[in-house]
There are 4 protein chains.
Amino acid sequence: MVIDAPRPARARSAEEKNRRRDDILRAAERLWTTTAYADLSMNQVAREARLAKGTLYLYFDTKEELFLALLGEHLNAWITHTTEILRERQPRTPAQVSDALLHSSETLTPLRRLLVLLGTVLERNVRPELATEFRRDLDAQLGRVFEYMPYSPPTTLRMLRHLYAVAIGWQQFSESLSGMDPATGEPTRDAQWTFQSEFELALRSVVDHLAAQDTAEQNSSVQDTAGE
Amino acid sequence: MVIDAPRPARARSAEEKNRRRDDILRAAERLWTTTAYADLSMNQVAREARLAKGTLYLYFDTKEELFLALLGEHLNAWITHTTEILRERQPRTPAQVSDALLHSSETLTPLRRLLVLLGTVLERNVRPELATEFRRDLDAQLGRVFEYMPYSPPTTLRMLRHLYAVAIGWQQFSESLSGMDPATGEPTRDAQWTFQSEFELALRSVVDHLAAQDTAEQNSSVQDTAGE
Amino acid sequence: MVIDAPRPARARSAEEKNRRRDDILRAAERLWTTTAYADLSMNQVAREARLAKGTLYLYFDTKEELFLALLGEHLNAWITHTTEILRERQPRTPAQVSDALLHSSETLTPLRRLLVLLGTVLERNVRPELATEFRRDLDAQLGRVFEYMPYSPPTTLRMLRHLYAVAIGWQQFSESLSGMDPATGEPTRDAQWTFQSEFELALRSVVDHLAAQDTAEQNSSVQDTAGE
Amino acid sequence: MVIDAPRPARARSAEEKNRRRDDILRAAERLWTTTAYADLSMNQVAREARLAKGTLYLYFDTKEELFLALLGEHLNAWITHTTEILRERQPRTPAQVSDALLHSSETLTPLRRLLVLLGTVLERNVRPELATEFRRDLDAQLGRVFEYMPYSPPTTLRMLRHLYAVAIGWQQFSESLSGMDPATGEPTRDAQWTFQSEFELALRSVVDHLAAQDTAEQNSSVQDTAGE
DNA sequence: CATGAATGAGCCTTCATTCAT
DNA sequence: AATGAATGAAGGCTCATTCAT
């Protein structure tokens, strides 16, 4: 019935294979914005990508690897986006840093939901080597952020991790307890708003705190040096 | 391994039934510490509890309700424990409050993992009334904490929510990315330590922040009153 | 919560036991008018009878025996009712006989549905002796009808069997194919009407036919006798 | 018992798929002749068809749809067979029509049992569209019979419906009450015979009756026309 | 007699993955 | 490279029946 899909024309070159891999990821992404992981079958992904189920397994060994790859993409995109913003703004004060990070983290619900997945079901049923590679790559990507942040790399890394933790923590929160109106069972209208404002508060608190620590450390190391 | 358990063959009285219900929860808990939710079948729980599968369904309508009940237990225990500590210490300063909360939140990994479940799979396939009751009960329980905290109830509630969000955020974090040694794939020895120290930092930051806000608000309302 | 039920006061005498047995049958009957056999659990029957599940099994060995007993009751009631009508009307012509039988068979949907059950699920999982007794009793009861019918017992028996067969045949028919509107899937408004009119036609046809046969046989036997 | 079946491992073409679908139907049919519907699990069907359980669900969405398809097959076969006979015989008189229909309905026990199912359990748990299609298709098929019957289509349809009702009525009858020897509990040797002869009597009666009505109606309509 | 907690075989169905084509 | 039919383990859950109380 559906005619307008001249898709499966054998991906021969590496480039074509990448394109096909990307098609699958795009299909998974489209479904992911509306469907919970458990309710999302490989069958659906295949249909959405207009490919056969088996083809998916030519590009991803398991369902989990597929979504891990999707997460990787989103993380990279976020890092790129964040780097961009930091380069433009060159933030100096903790408030500026928080502003920049907050700005870079808006409308990232899909990413946050994927991050929640990471600790829940992803990394099971994934080739260990792939998991390791994923982390290595992530670390490398994060390195790109360092040079635009006014703090030492360790401090920056901690900040980013807190950003991560707080984001998924509040994501989870807004999806569960406070996400539903206790009376009607309907999703609360201001759950999203709560998420934003509390996420902001937590982030600013932590950034301030870490920034102060970082400054103190640098001063002390300067003094150490001065004392030599 | 399986030794015959001296247990009444039939739970007739309400008390016995509560005990049996508890048996089931304990069995689920034992398995839960070592097994992911998706890999944990009702069959296993039944075996672990030395009961027939059908018996489980006399006490819990669905798998989800069983684990929701387990979460409820843990939450109540935590609240009780926390109330206890707060009553003993009567913390005044933000630092004291943070100390108390940190102390009350040690060794709560199972609770944190259950909380992650809450937003992920629990509350699906649960009678809506039960979900509502769960939230109502939780709110009521949280109320107990208010009177021992040196801040206004709204501020206290926000603090507890941040505690919740930060706890599950770092739980997730430590279970995924940093939870494994990049080289060996083994769980990092210091993942737990990282969790503790970063969780502490985040909590202190937020408590300080909120406490300052709270004080400001109270002062301004005092001034308002004074100005009348 | 339900207080107004002082039921389970131990049925000691035979009479009390009969009453309790009847309670159960009445409960089953009430449910049966609205619910399909497969959707009707012993639990429901017990609740409806305000008795414990186990108590049902003191009076009926299996679910099937319970409903077989219910069918027996309905059959007896029908036979009694029919005998009554026949005694009053003393029908002579086939048309009168058909009229009487049709009148006695109105509004018997529950009975017809039970008869359908008989060939489908009842008689499985029933003690063979009970099944035999059921048939013996039914035959005996049917004997009561013979003396009020203007035909020989064998002919009368055949008529009744045809009545039975045609009744359940059209019952089944009106419950399936023609029972639903092909367009909307809703139960057809005139399914009941179809049942009545076609049932009447079939019954009259068969009664006429058998009556003619019966008369012929009697004449011939008279002639035989006369010829002696 | 189980000998390796030379069957294509995968049904690729539409034709092969039809064959496989047929395999499943044949397996279900074999079991159906000896087993009651409720005692007949998809597991058994799968084993009998030498397929995995899941494969069954590639061809039929539910157990009920499988048996509805089986019924459809039998009905079509019967209609084809009947049409054939009618075409050959070109019956004119009611007796000839009855003869033809009786001949076409011999040895149809499986079909009759399936028809009983239809009103009892089939059409539950079936996609409504499929149920509707089933009825539509049946009506269409029945239309094929019309042109070879010497009566108006409405009369013919009524005859066929009576055939249906009487067939399942007597089927039910012979399977239950009179189907077992009251003494031994064994299936009566002459149950089949009773079925045949009484079914014949009922059918002839109804056909005669309806034929007379039909002729009367045609005459009156002729007269109406003549009167114009 | 009455209870209702406990049983457990068995149900239908799903879906990630494999592999013949 | 692509397909999609086939797999089959595993799932949650039901309910007639039993039996300890």
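Within every chain, numbering begins at 1; the chains are lettered A, B, ... in the order of the sequence lines, protein sequences first and strands thereafter.
- Considering only side-chain atoms of C/Lys53, the nucleotide from F/dA20, F/dA16, E/dT17 that sits closest is F/dA16.
- Side-chain N/O atoms of B/Lys17 and base N/O atoms of E/dG4 include no donor-acceptor pair closer than 3.5 Å.
- In this structure C/Glu65 satisfies the salt bridge (charged side-chain N to carboxylate O under 4.0 Å, His left out) test together with C/Arg127, sequence neighbours excluded.
- Each of A/Ser41 and B/Leu58 lies near DNA chain E, and the nucleotide nearest B/Leu58 is the one positioned closer to the 5' end.
- When distances run from any side-chain atom of C/Thr55 to the nucleotides E/dA2, E/dT17, F/dG12, the shortest one goes to E/dA2.
- C/Trp32 and C/Tyr37 get closest at one heavy-atom pair: CZ3-N, 3.6 Å.
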Intra- and inter-strand pairs of DNA chain F in dot-bracket (Watson-Crick or G-U wobble, both distances under 3.5 Å; | for another strand):
.||||||||||||||||||||
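- In this structure, B/Glu48 pairs ionically with B/Arg30, as a charged nitrogen and a carboxylate oxygen lie closer than 4.0 Å.
- One interatomic measurement links the two molecules: CG of B/Asn125 to C1' of F/dG11, which rounds to 12 Å at whole-angstrom precision.
- A salt bridge links D/Arg26 to D/Glu73: one of the charged nitrogens lies within less than 4.0 Å of a carboxylate oxygen.
- Nearer to the 5' terminus of DNA chain E, by closest-nucleotide assignment, is the contact made by B/Ala52 (compared with the other of B/Ala52 and D/Tyr57).
- Residues D/Met42 and D/Tyr57 form a side-chain contact, since some pair of their non-hydrogen atoms from C-beta on lies under 4.5 Å apart.
- With E/dT13, F/dA16, F/dA2 as the choices, the nucleotide that has an atom nearest any side-chain atom of A/Tyr59 turns out to be F/dA2.
- Residues B/Lys53 and B/Val45 are not in side-chain contact: their nearest non-hydrogen atoms beyond the backbone lie 4.5 Å or more apart.
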